[in-house]
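Just below is one structure, and these are the notes that go with it.
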Amino acid sequence: MQPSQRPPAVSIQGLTKHYANGFQALKGVDLDIQRGEIFALLGPNGAGKTTMISIVCGLVTPSGGRVTVGGFDTARDYRATRSLIGLVPQELTTDAFETVWATVNFSRGLFGKPPDAALVEQVLRDLTLWDKRHEKMMALSGGMKRRVMIAKALSHEPEILFLDEPTAGVDVELRRDMWEMVRKLRERGVTIILTTHYIEEAEEMADRIGVIRQGQLIVVQEKKALMKQLGKKQLTVELEHPLEALPAELAEWNLVLKPGGHTLQREFLAGEGSGVAPLLRRLGELGIGYTDVNTRQSSLEDIFVSLVHEEGARA
Ligand SMILES: Nc1ncnc2c1ncn2[C@@H]1O[C@H](COP(=O)(O)OP(=O)(O)OP(=O)(O)O)[C@@H](O)[C@H]1O
C-alpha cells in the first residue's frame with residue numbers, strides 16, 4: 001500500500017460522550033491523526049482530554065460517533081486496535097508485589113506478544129530502570145513508578161503511544177529522559193499523542209496542536225502555522241528620559257506609553273513587520289533618545305490562554 005493510501009493512525013468522527021450522571025464530556029469531536037505525527041492535545045482541567053484518550057484506547061464507551069485506529073474500528077475490532085496502542089495513563093496502576101522485570105514482561109504478554117528479553121532490557125535501560133529490575137514495585141519512588149508505566153506501555157512495541165500528562169509532577173531528569181525517548185520513538189515512526197499542561201513541551205515537541213475546551217475541539221493546526229497566525233510580537237523601546245504623554249507626532253504608530261513614561265510598546269501580528277527602523281528614525285527626528293529596543297514573540301502559552309479565554313467569553 002502507498003503511504004498516502006494507508007489509513008490515519010487515529011480517526012475520530014462525531015465523537016460524543018455523556019456520562020451516567022448526564023454530564024456531556026465530549027460534544028462531537030472530529031480529528032484525524034496521521035502516522036508518525038506528534039500531536040499535542042491541550043485544554044484546561046475537565047475539558048475532556050482524558051475522556052477522549054480513554055475512548056480511543058477502548059477504556060470508556062462512547063455515546064456516539066466512530067473511532068478507528070490504524071483503520072480498525074475500536075468498537076468492532078477492539079483487540080486489533082488495542083494491540084496497536086500503548087497508553088501511559090495519568091494514574092499509576094501496577095501490582096505492588098511484583099518486580100519491575102515481571103511487571104513489564106507481563107504487560108507484553110497481555111498483548112499476546114512472545115517474550116523478548118532483549119527488547120524489555122532495552123526499554124528498561126532507556127528509562128534508567130535496568131538497575132531496579134529486581135525491585136518490587138512498592139519499593140520504588142513515585143518517579144520510578146512512572147518510568148515503569150512508560151516501560152509497560154512500550155513493552156509490546158505499540159505503533160501509537162498515548163501519553164496522558166506524562167510529566168505532571170515528575171522531576172527534571174525524568175522529563176528530559178521522557179522527551180529523549182519520545183524523539184527516539186518518533187524516529188522509528190511511532191505516532192505520539194500527548195496531553196500536557198506544560199505548554200512549553202508542546203511548543204518544543206509537537207507537530208500539530210489541538211485545543212479542546214468544554215468537550216469541543218476549538219482549534220487543530222500545525223504548530224508553526226498556529227504560532228505564526230495567532231502569535232503576536234511586541235516591540236519595546238526603553239527611553240532615555242521619561243515622557244509625560246505620548247507625543248501627537250507618534251499617534252499613527254499605535255504605541256502605548258507605560259506608566260512611569262520610560263517605556264513605549266507596540267503590538268503587531270507575527271506576520272507583519274515591526275516597523276522598528278522607521279519608528280526609531282522618527283524618535284530621532286523628535287529628539288527622543290532611547291537606551292534599549294527589543295522584540296518579544298508570544299509563546300504558545302500566550303496563544304493558548306487567549307484562545308481558551310476568548311472562546312470562554314463567547315460560550
Ligand atoms: N465517570 C465520570 N462521570 C461523570 N463525569 C465525569 C466522569 N469522568 C469525567 N467526568 C467529567 O467529564 C469532564 C471531562 O473530564 P476529563 O477527565 O476528560 O478532562 P481532562 O481534560 O482530562 O481534565 P484534566 O486536565 O483535569 O485531567 C470533567 O468535567 C469531569 O468531571
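The first residue of the sequence shown is numbered 1, and numbering continues consecutively from there. Ligands are counted one by one from 1 in listed order, and the atoms in each one are counted from 1 as well.
- Within the structure, side chain to side chain donor-acceptor pair (under 3.5 Å) contacts touching residues 148-160 (residues at least two apart or in different chains) are Arg108-Glu157.
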For ligand 1, output the ligand-protein N/O contacts shorter than 3.5 angstrom; if there are none, return none.
residue	atom	partner	partner atom	Å
ligand 1	8 (N)	Tyr19	OH	3.4
ligand 1	18 (O)	Thr50	N	3.4
ligand 1	18 (O)	Thr51	N	2.9
ligand 1	18 (O)	Thr51	OG1	2.6
ligand 1	19 (O)	Gly48	N	3.3
ligand 1	21 (O)	Ala47	N	3.1
ligand 1	21 (O)	Gly48	N	2.9
ligand 1	21 (O)	Lys49	N	2.8
ligand 1	21 (O)	Lys49	NZ	3.0
ligand 1	22 (O)	Thr50	N	2.8
ligand 1	22 (O)	Thr50	OG1	2.7
ligand 1	23 (O)	Gly46	N	2.7
ligand 1	25 (O)	Asn45	ND2	3.3
ligand 1	25 (O)	Lys49	NZ	2.8
ligand 1	25 (O)	Glu165	OE2	3.4
ligand 1	25 (O)	His197	NE2	3.3
ligand 1	26 (O)	Asn45	ND2	2.9
ligand 1	26 (O)	Gly46	N	3.4
ligand 1	27 (O)	Gln90	NE2	3.3

> Run the side-chain hydrogen bond (donor to acceptor under 3.5 Å, both in side chains) check on Asp30 and Gln13 step by step: do they pass?
Replying inline: CA-CA 5 Å; Asp30 296 295; Gln13 289 153 26; over 6 Å; no
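- For Asp77, there are no salt bridge (charged side-chain N to carboxylate O under 4.0 Å, His left out) partners two or more places apart in sequence or in a different chain.
- Thr68 and Asp73 share no side-chain donor-acceptor pair at under 3.5 Å.
- A 4.5 Å side-chain heavy-atom check between Ile12 and Met52 finds at least one atom pair inside the cut-off.
- Here side chain to side chain donor-acceptor pair (under 3.5 Å) pairs that include residues 129-146, with residues two or more places apart or in two chains, number zero.
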